[in-house]
Protein chains: 2
Amino acid sequence: MREFLAITKALSDETRVRALRALRDGELCLCHLVGLLELAPSTVSKHLDVLCQARLVERRKDGRWAHFRLAGRAAPPLARQALRWVLTALKDDVTIARDAKRLATLRGRDLKELAACYKS
Amino acid sequence: MREFLAITKALSDETRVRALRALRDGELCLCHLVGLLELAPSTVSKHLDVLCQARLVERRKDGRWAHFRLAGRAAPPLARQALRWVLTALKDDVTIARDAKRLATLRGRDLKELAACYKS
DNA sequence: TCCTCATTTCGTCAACTAACGAAGTATAGC
DNA sequence: GCTATACTTCGTTAGTTGACGAAATGAGGA
């Protein structure tokens, strides 16, 4: 039950769901997500932490950068089922579609340039 | 997105999840659920309201009694998918198993006797 | 070594949520 | 009609959550 509730709580916030969906097309670093979600880095970091705790997302540290990706084959079945459901459920969502567009341009830029964004 | 979040928020509370699972084996009235969950009637009523808003549960009024059941064929696809996932995900949960046992005895009693319970 | 900077942790505040009991609504039975 | 009662609504309270900025952490480069 604890594992199940960790997942549903993680999924019960719009920001986290948007982050999940953004990761669908591949790994992103925190600054990409900050750029997409337009929230303070500390806030985004916290949200990703919740997703990691629920085992929906995996964190990979690479030097100064933290990369996040959807949980893979090693994830618990419950988390994998949840991911499958979420990603199909939101296929046609408008918010998600808008994010996907912005993501396309964000992915183009390199990390250094992006990181500079969250000063302003 | 709003519909999706209504569902995940409804599923992110242990009491509501237990109520959902209890309804799996058929309709129950509020007093059954009060007996099972051991919370104030007003609290249980509120929880069921959240589940109904999310379209996971349907309410049927019969005289003084309110009967609740899992959403059926008329429910939105998103809610039905969610129900399918929840009910399979919690198949082996210990809390749920304990509830199932208590439910078996609760279902045996008639409504009048049950309702009297939640005075004491 | 020292500085820079991406990220995380911490402390705080406002908003939300779950719990309760009291009061309100509505129905069955007299 | 009147009463008892099953449920819902309302108001209050305690605990949780999400947001931020400031400070801490830790890796890369001068």
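From a predicted model like this one, the values you see are computed outputs, not experimental measurements.
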Response to the item:
Heavy-atom nearest nucleotide on DNA chain C taken for B:Ser42 and for B:Lys46; more 5' hit belongs to B:Lys46
Worksheet item: Where do B:Gly72 and B:Glu58 come nearest, in terms of heavy atoms and distance?
Response: N-OE2, 3.1 Å
Worksheet item: Looking only at side-chain N and O atoms, does B:Thr15 come under 4.0 Å of OP1 or OP2 in C:dA19?
Response: yes
Worksheet item: Taking atom P of C:dC16 as reference, at what distance in whole Å does atom NZ of B:Lys9 sit?
Response: 9 Å
Worksheet item: Are B:Leu78 and B:Gln81 close enough, and set up right, to give a side-chain contact (heavy atoms from CB on, under 4.5 Å), and what steps lead you there?
Response: CA-CA 5 Å; B:Leu78 218 48; B:Gln81 289 165 26; 4.0 Å; yes
Fill in: Stepwise side-chain contact (heavy atoms from CB on, under 4.5 Å) check, A:Thr95 with A:Leu90
CA-CA 9 Å; A:Thr95 312; A:Leu90 293 170; over 6 Å; no
Worksheet item: Starting at the 5' end of DNA chain D, which residue's closest nucleotide do you reach first, A:Val50 or B:Val44?
Response: B:Val44
Discussion item. Measure CH2/B:Trp65 against C1'/D:dT5 and give the value in whole Å, please.
Written reply: 8 Å
Fill in: Minimum-distance pair of heavy atoms, taken over all atoms of B:Pro76 and B:Glu3
CB-OE2, 3.4 Å
Discussion item. D:dC20, OP1 or OP2 - any side-chain N/O from A:Thr43 closer than 4.0 Å?
Written reply: yes
Worksheet item: At under 4.0 Å between heavy atoms, what does A:Asp49 touch on the DNA or RNA strands: base, sugar-phosphate, or nothing?
Response: nothing
Worksheet, complete the sentence: A:Arg64 atom CZ is separated from C:dC3 atom P, nearest whole Å, by 15 Å
Practice prompt. Provide, to the nearest angstrom, the distance between the NE2 atom belonging to B:His47 and the P atom belonging to C:dC20.
Written response: 8 Å
Worksheet item: Between atom CG in A:Leu30 and atom C1' in C:dC5, what is the gap in whole Å?
Response: 13 Å
Worksheet entry | side-chain N/O A:Arg59 vs C:dT7 OP1/OP2, d < 4.0 Å | no
Discussion item. If I take atom CG in residue A:Leu37 and atom P in nucleotide C:dT7, what distance separates them, rounded to the nearest angstrom?
Written reply: 13 Å
Worksheet item: A:Leu33 CG to C:dT7 C1': how many Å, rounded?
Response: 13 Å
Worksheet item: Do you know the tightest heavy-atom contact between B:Ala79 and B:Leu56?
Response: O-CD2, 3.6 Å
Worksheet, complete the sentence: Rounded to whole Å, the CG-C1' distance (A:Leu51 to D:dG18) equals 14 Å
Worksheet item: How is A:Lys61 classified with respect to the nucleic acid when contacts are heavy atoms under 4.0 Å: base, sugar-phosphate, or nothing?
Response: sugar-phosphate
